[in-house]
Structures are given as structure tokens and as C-alpha cells.
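The next block holds one structure in the form of C-alpha cells; read it before the comments.
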Amino acid sequence: MQQHEIHQFLERYFVANGCDLVTNGNGHMTVQLTIDLDKELMNRPFYWHYLEKTGGIPNPMTLSLITNPDKAPENLKGEPIHFGSPRLHQIFHSTRNLAGYIRLYENGHTPSGQQTPLHPWLGLNIKISYQSNRKKDSIRSIGLNLINGVLLENFHSSLMSRNLTPKIPDFSFTLTPIIKPKSGVNRIQTYLYEEIKKEPVEWAEQARKTWEEDLQLLNHFYGDQEEKPESYFLEQQALKEQYEPKISIDIINGGIFYLQNNN
């Protein structure tokens, strides 16, 4: 996920949740949070509890984020945000809580007097986590045409160039999906599983090698004891949790998007 994609994602997140973008510059933004997003993001439970008890006037915070320090003003005070940062992971989690699913329609150019068909797409933003003694996350945005089954990578980027609205535009009509959304999710997951199978596995092999070396050290430390103490099995389990290679696929959010063209 590139920095400009993070910036675009944040724009959509805050606007969709009713926030005002006080500034929205190249590589930075300042957001006036709503009450709900202040409670969601800013970790001020005692403030809100006191306010609700006393009937005071709420004062949600503003949040300044630097999405690209190379492009933001040098003297700007803000919180750097990048892929892997705690704040971005917090917002990903918040997205699942607040708006895990949406339905939008493309409001594009429609010739006068003509009815424009809108094609149904399932769009999913997905986090793939590779974990052993090290961890790496990647974000994939996949679109699936629910009529012909075409899969499109970087779907989120393609949506950014379109004018989308929550209400179906005038002189437009939606085509009925042939593929059910649940089946579409399964297709996307199967596609990602097949892609992952083709990826290099050196990271997993190295983790297993280090795991085996540490396990040998553990066995050497406890020697030839016939009955191993509980601490041995606890350390053995800890090594497994630390080194065993795992790949997980988690859906961040998704939606149905009715778009004008078919590709």
C-alpha cells in the first residue's frame, strides 16, 4: 500500500464518517473529528464519561496526520502515518467496526434520455499477514464482476477515479448479479490462495530452520532428563508460537459497486 493510497483511504474514511477535512494538502491532512470518531480513535473515555455525567458541551479533537513527510511542510506538527503504523492499524480496525460493508453507484456521464446500465462488482480490501519470528503485512484490493466473473487487482485505485454515490442516479438501472456475493467472496479467497502458493517460501524455510536450531538448544539445556519439567514444555510451545510460519487472510472492508462499464 503506497503512501498516496493511504492518503486516499484516509480521505474516504473520514469523509464517510462525517468529519470535516480542515486541511488536505500534499502529504498531510488535518481532520476535525466527530464525537463518534473522537471516542473511536482518541482514547479519552474519562473525558466523555465526565461530559455525559455533567451535561457539558462536547469538544471533539482535531487530528493532524502526515502521510508523506517528503511532501508535507517541514514545520508541520502531525502524526506520521504509514503502512504498519499503530494508527493505521487502528483505523483499519475502526473501518471494520463502523463501515465494513457499503453499496455505491457510479454517477457518470449519461447521454440525454438514455438509460445507462450499471454492472455489479464485489470489491474487497484484504490484509494478508505473513508471520513467523518476523511479520509482514500486505494489502490487496480485489474487484470481482458479479456477472462474468472477471477479477481486477488494485480495485480501490480504479474506484478513486469514479464519481460514486449512495443513491442510484437518474436514468440508470442496475444489472442483476449472476454470482452471489457470498460465492464472490469465496472466489476471491481462492484466487488469493492460488497466488500465495506461487510466492517464494524462503522466509518460512528460514523460520523453520531457526526454530529447529533453538529447539536443539532447548533439548541440550534440559539434557537427558527422562521426565521433563513443565518449564520445558512451556518453552517448547513458546518456540512454536514464535517461529511457526503462518499466513492469514483478513477482509478489512468491502462493498457492492454498480459501475457503468464492464471492465
Side-chain angles (χ1 to χ4, degrees), residues 1-26 29-37 40 67 91-92 94-127 139-192 251-263:
M1 197 174 193
Q2 303 298 316
Q3 288 302 119
H4 70 278
E5 293 176 315
I6 292 174
H7 192 104
Q8 292 169 347
F9 168 77
L10 293 172
E11 285 177 338
R12 286 199 168 222
Y13 168 80
F14 287 118
V15 171
N17 285 287
C19 298
D20 292 327
L21 299 180
V22 180
T23 61
N24 186 18
N26 200 0
M29 65 176 65
T30 298
V31 184
Q32 175 59 61
L33 299 176
T34 63
I35 292 174
D36 288 339
L37 274 203
E40 182 81 7
T67 57
I91 291 174
F92 283 157
S94 170
T95 301
R96 289 194 292 268
N97 289 339
L98 299 176
Y101 173 86
I102 58 174
R103 183 188 299 267
L104 294 174
Y105 305 85
E106 184 175 3
N107 186 13
H109 174 70
T110 302
S112 178
Q114 294 186 22
Q115 293 286 322
T116 301
L118 299 178
H119 300 258
W121 286 78
L122 170 67
L124 297 179
N125 292 320
I126 296 170
K127 182 175 75 169
I139 298 294
R140 301 282 288 274
S141 183
I142 310 291
L144 173 72
N145 188 304
L146 293 178
I147 291 180
N148 59 22
V150 167
L151 277 162
L152 181 64
E153 289 270 11
N154 300 315
F155 187 64
H156 177 77
S157 297
S158 72
L159 293 177
M160 295 301 297
S161 62
R162 299 173 185 264
N163 181 20
L164 301 175
T165 175
K167 294 183 179 180
I168 185 169
D170 294 336
F171 306 110
S172 298
F173 66 96
T174 60
L175 299 178
T176 302
I178 296 174
I179 303 169
K180 300 298 183 184
K182 183 176 181 180
S183 176
V185 172
N186 292 335
R187 287 194 185 203
I188 291 174
Q189 288 180 327
T190 299
Y191 166 75
L192 289 174
I251 296 174
I252 299 171
N253 56 17
I256 302 296
F257 302 87
Y258 288 91
L259 307 178
Q260 279 195 1
N261 53 25
N262 202 23
N263 46 51

Side chain proximity check, F92 to N125, heavy atoms < 4.5 angstrom: no

Interatomic distance, L124 atom CG to I188 atom CD1 [nearest 0.5 angstrom]: 4.0 Å

Shortest non-hydrogen contact from L144 toward G184: CD2-CA, 3.3 Å

Working for side chain to side chain donor-acceptor pair (under 3.5 Å), residues H156 and S141: CA-CA 6 Å; H156 177 77; S141 183; 5.2 Å; no

Nearest non-hydrogen partners of N148 and V150, listed with the distance: OD1-N, 3.0 Å

Pairwise distance CG(L10) to OG1(T67) - rounded to 0.5 angstrom: 7.0 Å

Residue pair P169 / N107: nearest heavy atoms and the distance that separates them: CB-OD1, 3.5 Å

Atom CZ of F171 with >12 non-hydrogen neighbours under 6.0 angstrom: no

Sub-4.5 Å side-chain heavy-atom contact between L122 and I179: no

Side chain proximity check, L259 to L159, heavy atoms < 4.5 angstrom: yes

Derivation of the side chain to side chain contact (heavy atoms under 4.5 Å, CB included) call for V22 and V31: CA-CA 5 Å; V22 180; V31 184; over 6 Å; no

Spacing of T116 atom OG1 and Y105 atom OH [to the nearest 0.5 Å]: 15.0 Å

Interatomic spacing from OH in Y258 to CG in L104 - rounded to 0.5 Å: 11.5 Å

Heavy-atom closest pair, residues C19 and T34: SG-N, 3.8 Å

Sequence-distant partners of F155, ring pair (Phe, Tyr, Trp, His ring centres under 6.0 Å), two or more places apart: W121, F257

P120 to I147 - nearest heavy-atom pair and separation: CD-CD1, 3.6 Å

Within-4.5 Å side-chain heavy-atom neighbours: F14 and I91: yes

Flag, side chain of T30 to backbone of T23, donor-acceptor distance under 3.5 Å: no

Closest non-hydrogen atom pair, Q260 against R162: N-NH1, 4.3 Å

Distance in Å, I168 CD1 paired with T174 OG1, rounded so as to fall on 0.5 Å steps: 5.0 Å

Results of side chain to side chain donor-acceptor pair (under 3.5 Å) for S172 - residues two or more places apart only: none

side-chain hydrogen bond (donor to acceptor under 3.5 Å, both in side chains) partners of residues 176-192, not counting sequence neighbours, each pair once: E153-Y191

Between CG on residue N26 and CE on residue M29, distance to nearest 0.5 Å: 11.0 Å

